[in-house]
Amino acid sequence: MFKLKGYLKPFLLLIIITISFVFLQAQMDLALPSYLSDIVNIGIQNEGIFESVPKIIKSEDMDNILFLVDDKEKSIILDSYDYIGDSKEMYNKYINDYSILN
């Protein structure tokens, strides 16, 4: 074993690089099906829409939604969303994520 170590010593860096590339190739091979699945599911089937439920809704649209539901469903919908209104605290919370608020 010690004699083998002497022969491998000049090539140690190349051996480490080779093992790293093999590990990187295995990781890429494992990640590829996930990427292709996202292309098909999100890009083709959902027409590029990642999530079907919006995170932010304009007040006019919320009024139209609440007009069509009963009181029980209204409370569920209103609990699911934050109302910004004139609140500077809520506005500052969402201004970085949603540029449309400007």
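Bear in mind that the values here come from a model prediction, so they are computed numbers and not experimental data. Quick note: numbers below take in every heavy atom, side chains included, and nothing from hydrogens, waters or symmetry partners.
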- Query: Out of curiosity, Leu24 CG to Ile17 CD1, how far, rounded to the nearest 0.5 Å?
  - Reply: 12.5 Å
- Heavy atoms of Gly6 and Pro10 approach each other most closely as O-CD, 3.6 Å
- Value rounded to 0.5 Å, distance of NZ in Lys9 from CG in Leu12: 9.0 Å
- Item | All pairs passing side-chain hydrogen bond (donor to acceptor under 3.5 Å, both in side chains) where residues 26-43 contributes a residue, at least two apart | Ser37-Asn41
- Task: First locate atom CG of Leu68, then atom CD1 of Ile77, and finally report the distance between them rounded to the nearest 0.5 Å.
- Result: 9.0 Å
- Is Leu4 close to Leu8 at the side-chain level, that is, under 4.5 Å between some pair of heavy atoms? yes
- In one Ile/Leu/Val/Met/Phe/Trp/Tyr side-chain cluster, 4.5 Å: Leu32, Ile39: yes
- Message: Would you compute the distance between atom CD1 of Ile65 and atom NZ of Lys74 and round it to the nearest 0.5 angstrom?
- Response: 12.0 Å
- Hey, could you give me the CZ/CE distance between Phe21 and Met28, rounded to the nearest 0.5 Å? 11.0 Å
- Note on the structure: Taken to the nearest 0.5 Å, the spacing of Asp70 CG from Ser75 OG works out to 8.5 Å
- Does Leu66 reach the side chain of Glu73, with side-chain heavy atoms less than 4.5 Å apart? no
